[in-house]
Amino acid sequence: MTFMANLPPTAELQQKDAAHHLHPFTDTAELNAKGARVITRADGVYLHDSDGKKYLDGMAGLWCVNVGYGRNEIMEAAMRQMQQLPYYNTFFQTTHPPVIALSEKLTSLAPPHINHVFFAGSGSEANDTVFRMVRHYWATLGKPEKQVIIGRKNGYHGSTVAATSLGGMTAMHKQGGLPIPGVTHIDQPYWYGEGGDMDPDEFGLMRARQLEAEIDRIGEDKVAAFIAEPIQGAGGVVIPPESYWPEIQRICDERDILLVADEVICGFGRTGKWFGSDTYGIKPDLMTIAKGLSSGYLPIAGVLVSDRVAEGLAEGGEFYHGYTYSGHPVACAAALTNLEILEGEGIVEGVHDRAAPYLAEKWSQLGDHPLIGEARSKGLVAALELTPDKAARAPFAAAKGTAGLICREHCFNSGLVMRHVGDTMIISPPLVISNSEIDELVTKAEQALDLALAELKARDLLK
Ligand SMILES: *Cc1c(COP(=O)(O)O)cnc(C)c1O
């Protein structure tokens, strides 16, 4: 590509980036001291940087490039739509063919009780929609006092004011006085870190029943909804014990609380079914979708709305809510083509039948590494818990994230993008990853673990 050939040197790009670009979730001073990695192109499951180094993208971008990079069909669909109708809104009793087609397709893939979709531009925005929609729903039904939304500690629902509040990240809450009133949080079903000597299923039940206790504390007549990710992603790939979700479902049903599944990561095949809710057998009233909806090719998100909620909202007249880019035609065309690829190539079944079992087998072998306390996976999302003491599942004495960062840097140097959340290493590769690419991923991860172990020992941090 000529664009590539004309790229200025890496140092110049880094210097301009440092001078003008404020990065999300980044310590700017720290980044600018060393310079950002400049990613210039990608293909399949691989990324390339401005120095010509190649990486296996174990994170599918940010959990989103489900069909892999370089899909001409999506680019062509977007271009055709740009030529025909690059933009029009859906506010003023208007619509357009791509938003109609995508709505129909999405609701055909969603569980049978879900037949409507409200579009947004990002997962955070979609969760703002959830926030307003659940409150408006109950008000419309004559229960305006049902306002409180219960989330989970260490949950992630995005970075706007409402989404940060729904999430349970304390570091985020501390910046700017969040959460806003009317949101509370229960503990997460994180057995490895918090389950102690309990049996995982017993622990899962105990954590689910915190929801019951919280609803009773607040009063059922005041609680609108519970929101959770089927598998917590950004919180460190917390895969709940099997006992957890059925108990949550029972509690939401019995207490008449809306259940919101944030499917932003789990949706579109990540867990081996179309949605995480399918994998765990739950029946949410609302499902937040983003990321894999377009495989990240263009920004688009939405809320899948059950018949129950759609019928309730229909009683309420105008819902004063929407975004300029709700159902953006080009993003819809890209998303629709992405879904056609996922379906047409049997990618979701491929995760379930081939890639997930293969990864599970290889990944679990990493559990034997001296630095690993637990290796867990579900579908194509997986985590490794770093520990100085396997038997005790002990945390490190050093500040949380020290060992994780060391390991992540060795991954990058070995040509693998693997992220760290504290001292938990996580992956979420493109769903099209082949078995030999899984072998490569696991081999590189093992190399990085060996190097991280050596460095931790040398720096007297293995304690
Ligand atoms: C990424 C993410 C979001 C936020 O999506 P953005 O598009 O970054 O706003 C919400 N929920 C979950 C589970 C996510 O992983």
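These figures come from a predicted structure and were not determined experimentally. Counting from 1, the numbers follow the sequence of the chain as shown. Read the numbers this way: they start at 1 and go in the same order the structure lists the ligands and their atoms.
- Annotation for ligand 1: atoms under 4.0 Å from non-hydrogen atoms of Tyr156 are 1 (C), 2 (C), 3 (C), 11 (N), 12 (C), 13 (C), 14 (C).
- Look at Lys273 and Glu263 and you find no salt bridge, because none of the NZ, NE, NH1 or NH2 atoms lies under 4.0 Å from a carboxylate O.
- Interface of Ser122 with ligand 1, defined as ligand atoms under 4.0 Å from a residue heavy atom, comprises 7 (O), 9 (O).
- Distances below 4.0 Å separate heavy atoms of Ile265 from the following atoms of ligand 1: 15 (O).
- Residues Glu385 and Arg393 are not paired through a salt bridge, judged by the lack of any N-O separation under 4.0 Å between the basic side chain and the carboxylate.
- By the 4.0 Å heavy-atom criterion, Trp63 is excluded from the residues contacting ligand 1.
- Ring to ring, His96 and His328 are not that close: their centroids are 6.0 angstrom or more apart.
- Aromatic ring centres of Phe268 and Phe275: separated by under 6.0 Å.
- Residue Leu342 holds its CG atom at 11.0 Å from OG1 of Thr337, rounded to the nearest 0.5 Å.
- Remark: aromatic rings of Tyr320 and His136 are distant, center separation not under 6.0 Å.
- Below 4.0 Å from some heavy atom of Glu229 lie the following atoms of ligand 1, by number and element: 13 (C).
- Below 3.5 Å of separation, one finds an N or O of Asp262 facing an N or O of ligand 1.
- An N or O contact shorter than 3.5 Å links Lys291 to ligand 1 by distance.
- Remark: minimum distance from atom 5 (O) of ligand 1 to any protein heavy atom is reached at Gly123 CA, 3.2 Å.
- The protein atom (non-hydrogen) at minimum distance from atom 8 (O) of ligand 1 is Ser124 OG, 4.3 Å.
- No close placement of the Tyr46 and Tyr55 rings is indicated, their centers lying 6.0 Å or farther apart.
- Looking at Ala290 against ligand 1, nothing comes within 4.0 Å, counting heavy atoms.
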